[in-house]
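First up is the structure itself, then whatever we jot down about it.
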Amino acid sequence: MTSPLRALRLRARRSLDPAHYDYYAGGAGDERALGENERAFARLALLPRILRGAERRDTTVALFGDRAAMPVIVSPTAFHRLAHPQGERAVARATAAAGTILTTGMAATTPVAAVVDAARSERPDAAVWFQLYLQPEPEVTEALVRRAEKAGCSALVVTVDSPVFGRRERDERHGFHDLPAGLAAENMRDLPGTGPGGLRAIAMSPASSWDDLRRLRSMTALPVLLKGVLHPEDARLAVAEGVDGLIVSNHGGRQLDAAPATVEALPRIADAVAGRIPVLLDGGVRRGSDAALALALGATAVGVGRPVLWGLAADGEKGVRQVLDLLHTEFDHTLALCGGRSPADLTRDMVVTRGRPAGTGGSPW
Ligand SMILES: Cc1cc2nc3c(=O)[nH]c(=O)nc-3n(C[C@H](O)[C@H](O)[C@H](O)COP(=O)(O)O)c2cc1C
Ligand SMILES: O=C(O)C(=O)c1ccccc1
């Protein structure tokens with residue numbers, strides 16, 4: 001059986017330049033982390049509860065003052081205009097129409113203000129978050145923060161899993177190291193000391209530290225999430241630092257190939273955080289039931305990266321809408337089948353590992 005999402009991916013592959021398809025699809029090294037993200041979900045199962053459901057479920061979640069119609073939001077992915085001429089604007093409209101949150105970022109091929117406008121043209125209270133990498137020069141980071149604030153973003157997502165860029169062998173093979181003429185990382189234009197925003201305008205800073213994060217937090221009143229946390233000790237440090245939220249992520253398998261599947265890292269992070277701040281997860285979410293598993297293991301919401309790119313490349317705004325609606329329908333359906341009324345009804349006791357009898361001490365969760 002071909003899932004609807006897989007069908008969209010295949011359509012996307014047909015419509016994309018092979019180098020661009022591989023840029024989107026690929027991961028670092030042997031693509032172990034990439035593959036494991038999806039396989040780890042497939043190794044988990046839900047023990048449904050009975051006789052406690054409702055005629056209608058409430059699938060909404062609250063996140064840092066924003067509300068999402070479902071616990072599935074859009075993770076930041078680079079260069080949407082490689083996939084479709086409408087690029088980030090199409091994704092913004094589709095995400096707003098689906099009632100969920102879009103994370104745009106430094107590597108967008110549309111300026112953040114135009115992304116927020118596109119989202120708000122669809123839904124006046126649409127929420128857009130801004131993802132950034134701490135830059136070697138704090139003035140550059142600060143200029144980006146001001147751009148995001150001025151545009152109306154409601155949270156900052158600081159990606160911390162990329163002290164250096166991952167080694168993606170598909171990109172090496174194609175020689176894909178820069179954007180085609182006419183496309184640029186628009187948010188990187190006219191920043192202190194940067195030129196036109198190509199792929200290389202975005203600096204990675206291996207020496208950035210908790211001090212730099214503190215400096216960022218002192219620049220802004222916006223909530224700050226750290227994206228790319230896998231070690232429980234870092235989760236504890238982040239809470240102690242006053243970070244507002246965490247995203248358990250291995251960057252879709254594009255950075256450290258030896259990283260674990262995110263859903264396998266999640267329970268220990270959730271334990272370390274102990275409910276003090278929201279924990280989100282991304283990586284390998286392809287079904288509403290994957291979202292349900294992550295929520296049961298302690299996530300407040302999940303993000304999707306590639307599925308949105310496949311929808312965009314296959315059918316523009318309509319394709320993204322299709323992906324998000326499908327995930328919403330599947331999540332609601334899974335919740336109903338599990339006897340849940342709202343996302344909070346998904347709990348860790350409901351998760352077991354396939355191939356091991358439940359309740360025999362065989363479950364690592
Ligand atoms: C093509 C592509 C570009 C990405 N660009 C960024 C980025 O600019 N910033 C970032 O924090 N994460 C980026 N990511 C990682 C995603 O935010 C997310 O962690 C990942 O895609 C989740 O996994 P999934 O694709 O399996 O859903 C990118 C991922 C892909 C596939
Ligand atoms: O490709 C990516 O995964 C990514 O995060 C990125 C970061 C900077 C520039 C372009 C893409």
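Atoms within a ligand are numbered from 1 in the order they appear, just like the ligands themselves.
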Rounded to the nearest 0.5 Å, what separation is found between the CG atom of Leu34 and the NE2 atom of His251?
12.0 Å
Nitrogen or oxygen atoms of Arg286 and ligand 1 under 3.5 Å apart
yes
Could an N or O of ligand 1 be found under 3.5 Å from any N or O of Val304, whether backbone or side chain?
no
Gly305-ligand 1 polar pair, N/O distance under 3.5 Å:
yes
Check if Arg168 has a non-hydrogen atom at a distance under 4.0 Å from any atom of ligand 2.
yes
For Met106, which part has a heavy atom under 4.0 Å from ligand 2: side chain, backbone, both, or neither?
neither
Based purely on interatomic distance, does Lys227 place a nitrogen or oxygen under 3.5 Å from a nitrogen or oxygen of ligand 1?
yes
Does ligand 1 come near enough to Ala78 that some N or O of the ligand is less than 3.5 Å from an N or O of the residue?
yes
When only distance counts, is Pro307 in polar contact with ligand 1, meaning an N/O pair under 3.5 Å?
no
Examine the proximity of ligand 2 to Met188 and report which part, side chain or backbone, both or neither, has a heavy atom under 4.0 Å away.
neither
Touching ligand 1 at all, Leu309? Heavy atoms, strictly under 4.0 Å?
yes
Using a side-chain heavy atom cutoff under 4.5 Å and only I, L, V, M, F, W and Y, what cluster partners does Phe64 have?
Val61, Leu63, Ile73, Ile101, Trp129, Val157, Leu225, Ile247, Leu280
Geometric N/O contact Asn37 with ligand 1, under 3.5 angstrom
no
Within the structure, does Arg306 bring an N/O atom to less than 3.5 angstrom of an N/O atom in ligand 1?
yes
Ignoring angles and geometry beyond distance, decide whether Ser75 reaches within less than 3.5 Å of ligand 1 through its nitrogen or oxygen atoms.
no
Polar contact flag for Arg254 and ligand 1 (N/O pairs, less than 3.5 Å):
no
Test of understanding: with salt bridge (charged side-chain N to carboxylate O under 4.0 Å, His left out), list the residues that count as partners of Arg286, not counting sequence neighbours.
Glu38
Within a distance under 4.0 Å of any heavy atom of Ser249, pick out the atoms of ligand 1 and give their elements.
19 (O)
Parallel, tilted or perpendicular: which one describes the rings of His20 and Phe176, with boundaries at 30° and 60°?
perpendicular
